[in-house]
Amino acid sequence: MGADEPPRRREVRPRSVARVLPDVAGLDKTFDYAVPASLGPDVRVGTIVRVELHGRRVGGWIVELVDAPAAAVDATRLKPIAKVTGWGPLPDVVDLSAWAAWRWAGRRSAFLGTASPPVAVRGLPSAAVRERSTVAESSRNVVVHRVPPAGDVVPLVRDAMARGDALVLTPSVAGAARLARRMETPVARYPHDWARAAAGGCTVVGARAAAWAPVPNLAAIVVLDEHDEAYQEERAPTWHARDVVIERARRARVPCLLVSPCPSLDALAAAADVVTPSRADERAGWPVVDVVDRRREPPGLGLYSTRLVDAVRSGGRVVCVLNRTGRARLLACAACGELARCEVCDAAVETIEEGLRCRRCGATRPVVCAACGATRLKTLRTGVTKARDELARLANRPVVEVTATTLDDADLTGAGVLVGTEAVLHRVGRADVVAFLELDQELLAPRYRAAEQALALLARAARVVGGRAGGGRLLLQTRLPRHPVVDAALHADPSRLATVELVARTALRFPPAAALAAISGPAASEYVDQLRDRVDVELLGPADGRWLVRASEHQLLCDALATLTRPPGRLRVEVDPLRI
DNA sequence: CGGACAAGCTGA
DNA sequence: CAGCTTGTCCGG
C-alpha cells in the first residue's frame, strides 16, 4: 500500500464461490453460494446480497470470495446468490468486523450492520481521488492530544485532513453536524453520505457508528472528546468506537489521534505519545474553579451555600447541576425518623404531586408514615424539581428546570437561572457560572469509573462557561475539597487525577490494569460454569445476578470467552462493562 | 431467526 | 390416533 502502488485492476476471472454471512439474528455462521457469471462485476467482499437459506430468502454479506477449484465443496451443487442488493462494507471493514466479534464476544452481523448503508447503494458517485501524503510507522500510531475545554480542536482536524482522507468521530450526531459545517472543504457525514464516503476522496465525519465507515484511502483517524461514554454501544456487543478505530488505524498503519480535555485511562494506556498543552495554555482553557467546602458551613443551608446564593442573585446566567430528577428521592418521617418505603416492595418512595410513589414498582400512596402514622415527612435527598422552587425563592427570579425529558425545542435562551440534571449542560448554550450542588454524589458514585466520569462532567461544564480569560467560573459544592477530581479541575491539570486513578485501578485490578466482562441473564451461570477450571481468567460473583470475568488483558479474556458455547436462553455478555 | 420434524400430551 | 403443543436441530 502506498503512493507508488500500481492502479488496482478489476478481477480478470470472476471468483465463483461466495462465503455469505446471513443477516439473521441468532446465526453467526457463513454459508457458501455460487456466484452466477452475470453478477460477476457487482460481487465483492462486503457486497450485500440476498440468498436462499433453509427455504426462505434472507439478506447477508459476502465475507469471503473463494476460487472454485480451491473451494472444498463442489461449486456446481451450491445454490446461486439470488440477488445483489448493493454495496456493503469495504474489505478492510469486513475483516475488522471479525476482530470486533472476538473483542466484544458478539456476532459479526452486529458490526456489519453498523458498517452498511442505511438504504441500498447500487453505485458510487465519482470521486476526486487524493493520495495519502504520509504513512505513519505502525508502532507509534496512537497519540493522545490533551486540549483544554475552551481549546479549539479544528486545527487538529485540519492537520489530519491534510494527510488525505480522514475519519473524524464526535460523541454525538449533532456534534458531527456542527463540525462538518465548520470545515471549508466538504465532508461526508456517516451514515447519511455512505456512498460518497465509499467513493473516497473526502473526509468522513460521524458519531460512534462512523468507526465503521467506508474510507477507501484512509489516511488518519481523529476521535474528538475521546473520554465521552457515548462512544460505547449500550446494547451487546458493547463495542467502543475508540477501541475499534485504534485497531483500524493499527491495521491501516495510519495515525490515530485521541483528543480530549480529560483523556481516559484507556486512551492513555493505548497511546504511544501524549501531547499536552503548555501549563499556561491549559490553565487558560479551563475556568476558574470555586470550591465550597460544605463541612465548614453552618448547618441548615440545605443544598445552597452562601456563595451559591450570591451567584444566583448576581444577575449572571447560572446553571445549577443536580443529578436527581423529581422532587424528593429519599424521605424520612419528621416524627419518628423512619425511612419512607413502599408498602408493596419495600423500596424507597419519592414524592409526586398526588403523594408518594415507589421508584421500583410504581405503587402510590398518600403521605403518611407507615410506622407511626404521622403525615409530615422531611426530605433527605432533594430532587431537581424541589431545588427549582427553592432556588427561585433564593434568587428572587424565575428558575427553569431542565432534565433529559425536557422538550428539545424548549427556549432556554432567556432563562437567567437553570437547574437540572447533567442533561442541562447539553441543552444550555452558554452560562457565566455552572454550579454543582452536590458534587460528592458524582465523586462517590458506586462505579469504578466514577472519578473519571466526574471530571468529564466538569470538563463539559467548563465548555459551557468558557476559559478563565472570558470570566468562566465553576462552583463546586463538596465535602471532599481535596478529592483528586476537584484538585485536577482546580489546577486545570487532568493528569493529577489520571496519576492517582491509575494507581487505584492497578491496586484494585480494574481496567486498564485488567480486562473485564460482565455476564448476566438467566443462562449466565451455565455459560460461566465453563470457565471454572481455567487459570488465566478469574470468575467473580454473582452479584445482582451478574458475573464478572477478569483477565490480565483482553487477549486472554476474549480468547477464553471465544471458547465458550452459548447455552440456550437469554444471555448478555458485556465486555468492558461501564456500570460496575 | 424460523421452518421442519419428532416426541409428548390430550380427548374421544 | 388425530390434532395440537413443545422442544431441538440446522441451514450452503
Side-chain angles (χ1 to χ4, degrees), chain A residues 11 13-89 91 93-95 97-98 100-102 104-120 209 212 233-239 519-530 561-575:
Chain A
E11 303 292 344
R13 186 161 56 102
R15 303 275 183 87
S16 48
V17 174
R19 213 143 268 170
V20 174
L21 180 79
D23 184 14
V24 173
L27 186 56
D28 195 26
K29 222 176 101 182
T30 60
F31 298 87
D32 288 348
Y33 290 86
V35 180
S38 61
L39 298 179
D42 289 337
V43 168
R44 291 164 291 260
V45 167
T47 298
I48 298 171
V49 294
R50 290 193 75 76
V51 291
E52 192 95 11
L53 181 72
H54 216 54
R56 61 204 169 111
R57 247 183 203 204
V58 298
W61 295 271
I62 295 178
V63 294
E64 206 183 332
L65 285 168
V66 189
D67 284 316
V73 279
D74 179 3
T76 58
R77 285 178 47 196
L78 295 176
K79 290 190 177 172
I81 287 172
K83 181 173 175 275
V84 169
T85 303
W87 281 81
V93 172
V94 173
D95 288 344
S97 74
W102 166 82
W104 285 281
R107 293 191 174 105
R108 222 173 152 183
S109 55
F111 305 108
L112 292 174
T114 307
S116 296
V119 290
W212 299 97
E233 172 63 72
E234 288 180 14
R235 292 163 299 184
T238 53
W239 58 276
I519 320 289
S520 56
S525 76
E526 198 185 334
Y527 182 75
V528 299
D529 273 347
Q530 303 168 69
L561 294 178
T563 63
L564 306 185
T565 53
R566 281 178 100 97
R570 288 188 63 81
L571 177 71
R572 181 173 157 87
V573 180
E574 283 170 88
V575 177

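Numbered from 1 within each chain, the chains take letters A, B, ... in sequence-line order. Hydrogens, waters and symmetry mates are skipped; everything else that's a heavy atom, side chains included, is used. No experiment lies behind these values; they were computed from the predicted model shown.
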For A:Leu53 and A:Leu27: C-alpha separation, side-chain torsions, deciding distance, then whether side chain to side chain contact (heavy atoms under 4.5 Å, CB included) applies.
CA-CA 12 Å; A:Leu53 181 72; A:Leu27 186 56; 3.8 Å; yes
Decide side chain to side chain contact (heavy atoms under 4.5 Å, CB included) for A:Arg19 and A:Val66; before the verdict, give the C-alpha distance in whole Å, the side-chain angles of both, and the deciding distance to 0.1 Å.
CA-CA 8 Å; A:Arg19 213 143 268 170; A:Val66 189; 4.0 Å; yes
Do any N or O atoms of the protein come closer than 3.5 Å to N or O atoms of nucleotides 1-5 of chain B, and which pairs are they?
residue	atom	partner	partner atom	Å
B:dC1	O4'	A:Ala25	O	2.7
B:dC1	N1	A:Ala25	O	3.3
B:dC1	O2	A:Arg56	NH2	2.8

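For C:dG11, one of the phosphate oxygens OP1 or OP2 lies less than 4.0 angstrom from a side-chain nitrogen or oxygen of A:Lys29.
For the atom pair CZ of A:Arg108 and NZ of A:Lys29, the computed distance is 15.0 Å after rounding to the nearest 0.5 Å.
The nearest whole Å value for the distance from the CG atom in A:Leu78 to the P atom in C:dG11 is 13 Å. As rounded to whole Å, 19 Å separates atom P of C:dG11 from atom CD1 of A:Ile81. Note: CG (A:Leu53) to P (C:dG11) measures 9 Å, nearest angstrom. Atom CG in A:Leu21 sits about 13 Å away from atom C1' in C:dG11, given to the nearest Å.
Defined by atom type and a distance below 3.5 Å, a donor-acceptor pair is missing between the side-chain atoms of A:Ser97 and A:Trp61.
The aromatic rings of A:Trp239 and A:Phe111 sit perpendicular, their planes meeting at an angle over 60°, well past the 30° parallel limit.
Considering all non-hydrogen atoms of both residues, A:Thr47 and A:Asp42 come closest at OG1-O, 3.3 Å.
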